[in-house]
Amino acid sequence: MPSLCLPYPLDLSATLMSGQTFCWTQDPNDRFSGWIDGLPLQLHLSDDRLHWDNPAVGSDNILRYFCLDLNLPALLANRMDDPWLSQASQAHPGLRPVREERWECLVNFLCSSLKQIVQIRQINARLRASFGSSGSTFPTADVLAEAGEKALRTCALGYRARHVSKTAKLLSRNPDLLIIPPSLPTYLAARHLEQIPGVGPKISRCVLLYAYSRWDAFPVDVWVDRLVRELYFPRRRKPFRQQELEKWSLEKFGQACGLAQLRLFHWFRTRPDTRQRLAKGK
DNA sequence: TACCTACCTGT
DNA sequence: CAGGTAGGT
């Protein structure tokens, strides 16, 4: 079984199961089954090493997927005067950004509106089972375009099927749409992605953060809005506009604000405080 | 510009 | 009711 020595701590559960990627399942022994670069594999951690069971997957694929070339603490080091970011970072030191496959990431988030993480995972699994080729690889744009909206609805996509279908057709005609020059500023990259049906400000930034390694992409959803208001603007009642928070985040956390968001978000959602209030219904 | 609503399905 | 977007006023 291949393995590699980890240059940074890696928390597989936090990284794979908390809303960046949706193709993984976790078994009771903390083994994680999923796909990297279209290849199926199972991952597990032992003795500070990461092991996987598919020899066809190389170390380079793994390193790339978990962005293990990235010195995460260094990128946010000069922002640790912020007590919340500091606390969130200490709580989950092994939470890492991933580099998801672009097309899959786009479809995942097209399916994400008004859905819980678990449900998005189910949709991902159903799309693989119904339309993926051998080994349940994630279906290509061509295949989903061919399938059509009606067939997609059988995977419990609901009204999201319309967008996925239209997007699949668009992308199958023009695959280059997902190519974005690294030199293009993130706000323009977002604008580019927002030409795709069903892609608005939230999804464009998620895709840029989780598939394009744009660390300055700052997705704003209802949770991020709640988080920022509760922690940083406790008196404020009305929700922020996406643009306001984007501007604020860049000033607050700098070019790595997306990574700050990743950490704050995960910590906020999993801390006992939030869980309690969630259980009480508010 | 700033709200308002329809859109599917599962917990 | 829920981790949004598009199309309307």
Side-chain angles (χ1 to χ4, degrees), chain A residues 14-24 88 95 97-98 100 104-127 129-130 144 147-171 190-211 217-231 236-247 249 257-258 260-271 274-275 277-282:
Chain A
T15 302
L16 297 175
M17 309 302 286
S18 64
Q20 302 188 65
T21 170
F22 301 90
C23 67
W24 296 90
L95 169 63
V98 299
E100 185 60 278
E104 179 176 342
C105 184
L106 174 63
V107 175
N108 281 339
F109 284 101
L110 279 173
C111 298
S112 72
S113 86
L114 303 182
K115 286 282 183 199
Q116 317 273 345
I117 293 172
V118 190
Q119 309 181 73
I120 304 169
R121 265 207 292 275
Q122 284 167 2
I123 291 174
N124 184 290
R126 287 183 194 179
L127 288 174
S130 303
L144 291 189
E149 178 181 337
K150 198 167 183 181
L152 289 175
R153 279 178 186 259
T154 64
C155 297
L157 270 73
Y159 63 86
R160 303 154 195 86
R162 204 167 69 86
H163 291 146
V164 174
S165 175
K166 287 178 81 169
T167 297
K169 284 173 178 151
L170 179 67
L171 269 283
R191 197 177 293 173
H192 172 78
L193 288 176
E194 283 159 25
Q195 297 177 115
I196 296 170
V199 179
K202 159 69 174 23
I203 294 179
S204 67
R205 275 128 187 110
C206 282
V207 173
L208 286 171
L209 185 57
Y210 304 132
F218 191 86
V220 175
D221 57 29
V222 297
W223 278 96
V224 171
D225 177 63
R226 277 179 214 161
L227 177 161
V228 174
R229 286 194 345 240
E230 186 173 328
L231 300 181
R236 176 159 179 138
R237 281 317 196 98
K238 75 169 191 224
F240 282 103
R241 286 187 302 250
Q242 186 268 342
Q243 237 181 3
E244 292 179 272
L245 281 190
E246 195 159 52
K247 185 167 174 288
S249 71
C257 56
Q261 188 259 26
L262 184 66
R263 292 186 152 193
L264 284 168
F265 189 74
H266 183 65
W267 164 77
F268 186 79
R269 291 216 55 193
T270 54
R271 76 192 174 138
T274 308
R275 288 186 167 285
R277 276 175 304 124
L278 227 54
K280 282 183 193 161
K282 174 92 214 280

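Given the structure is predicted, the values throughout are model-derived calculations rather than measurements.
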A:Thr15 and A:Trp24: side chain to side chain contact (heavy atoms under 4.5 Å, CB included), yes or no, with the steps? CA-CA 10 Å; A:Thr15 302; A:Trp24 296 90; over 6 Å; no
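The side chain of A:Tyr159 has B:dC8 as its nearest neighbour among C:dG3, B:dT11, B:dC8. For A:Ile203, the side-chain atoms get nearest to C:dT5 when compared with the rest of C:dT5, B:dC8, C:dG3.
For C:dG4, the base has no donor-acceptor partner in the side chain of A:Arg160 [N/O atoms by modelled type, under 3.5 angstrom].
Look at CG on A:Asp221: it is 6 Å from P on C:dG4, rounded to the nearest Å. For the pair A:His163 NE2 and B:dC8 C1', the computed distance is 12 Å after rounding to whole Å.
Nucleic acid contact for A:Ser18: base, since at least one base atom lies under 4.0 Å from a heavy atom of the residue. Within the 4.0 angstrom heavy-atom criterion, no nucleotide atom of any strand lies near A:Val224. Looking at heavy-atom distances under 4.0 Å, A:Pro219 makes no contact with the nucleic acid at all.
Between A:Lys166 and A:Leu110, every side-chain heavy-atom pair lies at or beyond the 4.5 Å cut-off.
Look at B:dT1: it lacks any Watson-Crick or wobble partner with both distances under 3.5 angstrom.
Ring geometry for A:Phe268 versus A:Trp223: interplanar angle over 60°, hence perpendicular rather than tilted (30 to 60°).
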